[in-house]
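All remarks here apply to the structure that follows.
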There are 2 protein chains.
Amino acid sequence: MDIKGVISLSEQPVIIKQIIGKTLKAIRIKQGLSQEDLAQECDVDRSYISMIEVGRNEPSVTKIFDLCKGLKIKPSDFFKMVEGEYEKTLEQG
Amino acid sequence: MDIKGVISLSEQPVIIKQIIGKTLKAIRIKQGLSQEDLAQECDVDRSYISMIEVGRNEPSVTKIFDLCKGLKIKPSDFFKMVEGEYEKTLEQG
DNA sequence: GTGTGACTGCCAGTCCGTT
DNA sequence: AAACGGACTGGCAGTCACA
């Protein structure tokens, strides 16, 4: 088994949904919004925002696009952040 | 195959899953891979690849990361393509 | 203003047949 | 072979009520 196999095993190495939640929360806080504010902006349940941020639910891509609209950021920027955090987590193991 | 014809008359403005499928297929074809090749690479069912490409299923972000690994591209690049197509579709209305 | 147990409906994902 | 699609099911997305 080579290096590649060690790093990129497919079992359950990095939990993406937790990274998504962490990223979402960071952006929301930075913008001075409450979960409730964001929920209304995106027309979703407030507790749903909570679940995402805590890493209990993984939102679909469609939902992420909605959330990004509420946050007034580009989805591609959001995913870039997620990817960065993902790679960082992989390195740390 | 054009996205426009696929959009239903429901309130959904743009169907992200259709764009994801279109994007995935374009990349796969460009790399000269069959659905089966990619399925094996990502350890998923072959017909699942088909469903995504046809726009019947919307894969989770986690699955998209898996698929990108199989395609050897960066997820952020994938999402950038999706976003580009999304905005293009919005303009056309 | 935020987290969470409990619940339900729906859809992601698979199996298998068809082309 | 290579792709599509009908039919099925388990699990999770998403909601509500409360803490």
Side-chain angles (χ1 to χ4, degrees), chain A residues 10-71 75 78-79 82, chain B residues 1-3 5-71 75 78-79 82:
Chain A
S10 52
E11 286 315 316
Q12 37 168 340
V14 180
I15 316 279
I16 303 255
K17 62 166 86 168
Q18 292 182 348
I19 297 176
I20 292 174
K22 186 178 168 184
T23 305
L24 175 65
K25 183 166 191 171
I27 297 172
R28 178 179 63 79
I29 297 295
K30 191 174 175 184
Q31 300 199 2
L33 296 169
S34 68
Q35 290 182 350
E36 193 159 10
D37 294 334
L38 182 57
Q40 281 188 324
E41 196 75 33
C42 306
D43 195 35
V44 299
D45 197 276
R46 180 194 53 76
S47 70
Y48 180 51
I49 304 283
S50 174
M51 310 225 71
I52 294 172
E53 289 190 354
V54 175
R56 219 167 113 181
N57 277 22
E58 178 178 341
S60 66
V61 176
T62 298
K63 275 283 190 275
I64 291 178
F65 269 63
D66 288 346
L67 293 170
C68 285
K69 198 162 122 188
L71 290 168
F78 182 86
F79 285 115
V82 171
Chain B
M1 163 177 159
D2 196 283
I3 285 289
V6 172
I7 297 176
S8 69
L9 20 83
S10 72
E11 44 190 272
Q12 280 275 3
V14 179
I15 307 213
I16 303 262
K17 62 165 87 165
Q18 304 282 353
I19 297 176
I20 292 175
K22 182 181 173 183
T23 305
L24 175 65
K25 183 167 192 172
I27 297 172
R28 179 179 62 79
I29 297 294
K30 191 173 176 183
Q31 299 200 4
L33 297 169
S34 68
Q35 290 183 350
E36 188 159 16
D37 294 333
L38 183 56
Q40 282 187 325
E41 196 76 33
C42 306
D43 195 37
V44 299
D45 197 275
R46 173 167 39 83
S47 67
Y48 178 51
I49 304 285
S50 174
M51 311 221 71
I52 295 172
E53 291 188 354
V54 174
R56 212 165 118 183
N57 277 21
E58 177 177 343
S60 65
V61 176
T62 297
K63 274 283 187 271
I64 291 178
F65 268 63
D66 288 345
L67 293 169
C68 285
K69 198 158 67 180
L71 290 168
F78 181 85
F79 285 115
V82 171

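Quick note on labels: first sequence line is chain A, next is B, and so on, each numbered from 1. Every heavy atom of this structure was used, including side-chain atoms; hydrogens, water molecules and symmetry mates were not.
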Inter-residue atom distance I20(A).CD1 - E58(A).CD, 0.5 Å rounding: 4.5 Å

Considering only side-chain heavy atoms of N57(A), which listed nucleotide, dG3(C), dA12(C), dG14(D), is closest? dG14(D)

E36(A): salt bridge (charged side-chain N to carboxylate O under 4.0 Å, His left out) partners, not counting sequence neighbours: none

Gap between atom CG of D37(A) and atom CG of L71(A) - 0.5 Å precision: 11.0 Å

Between atom CD1 in I49(B) and atom P in dA2(D), what is the gap in whole Å? 14 Å

I'd like a table of atom pairs between the protein and nucleotides 17-19 of chain D - only N or O on both sides, under 3.5 Å - with the distance next to each one.
none

Would you mind listing every salt bridge (charged side-chain N to carboxylate O under 4.0 Å, His left out) that reaches into residues 16-31 of chain A, with sequence neighbours excluded? K22(A)-E85(A), R28(A)-E53(A)

Quick note, R56(B) side chain, CB onward, closest among dA7(D), dC4(D), dA6(C) is dA7(D)

Of the options dT4(C), dA13(D), dC4(D), whose atoms approach the side-chain atoms of E58(A) most closely? dA13(D)

Rounded to the nearest 0.5 Å, what's the gap from CD1 on I19(B) to OG1 on T62(A)? Could you check? 9.0 Å

Take the angle between the ring planes of F65(A) and F79(A) and call it parallel below 30°, perpendicular above 60°, tilted in between. tilted

Rounded to whole Å, CE of M51(A) lies from C1' of dC12(D) at a distance of 11 Å

Over how many whole Å does the gap from K17(A) atom NZ to dA13(D) atom C1' extend? 9 Å

Rounded to the nearest angstrom, tell me the gap between atom CD1 in I52(A) and atom P in dT4(C). 15 Å

In residues 30-39 of chain B, which ones come under 4.0 Å of DNA chain D, going by heavy atoms? S34(B), Q35(B), E36(B)

Without decimals, in angstroms, what is the distance between Q40(A) CD and dT2(C) P? 12 Å

Separation between CG (D66(B)) and CD (E41(B)), nearest 0.5 Å, reads 11.5 Å

What is the distance, rounded to the nearest whole Å, between atom CG of L24(A) and atom P of dT2(C)? 12 Å

Which nucleotide in the list dC4(D), dG3(C), dT14(C) gets nearest to the side chain of V44(B)? dT14(C)

Under-4.0 Å side-chain N/O to phosphate OP1/OP2 contact, K63(B) with dC11(C): no

With sequence neighbours excluded, tell me which residues meet side chain to side chain contact (heavy atoms under 4.5 Å, CB included) with C68(A). I64(A), I73(A), P75(A), F78(A)

Who passes side chain to side chain contact (heavy atoms under 4.5 Å, CB included) against R56(B), sequence neighbours left out? M51(B)

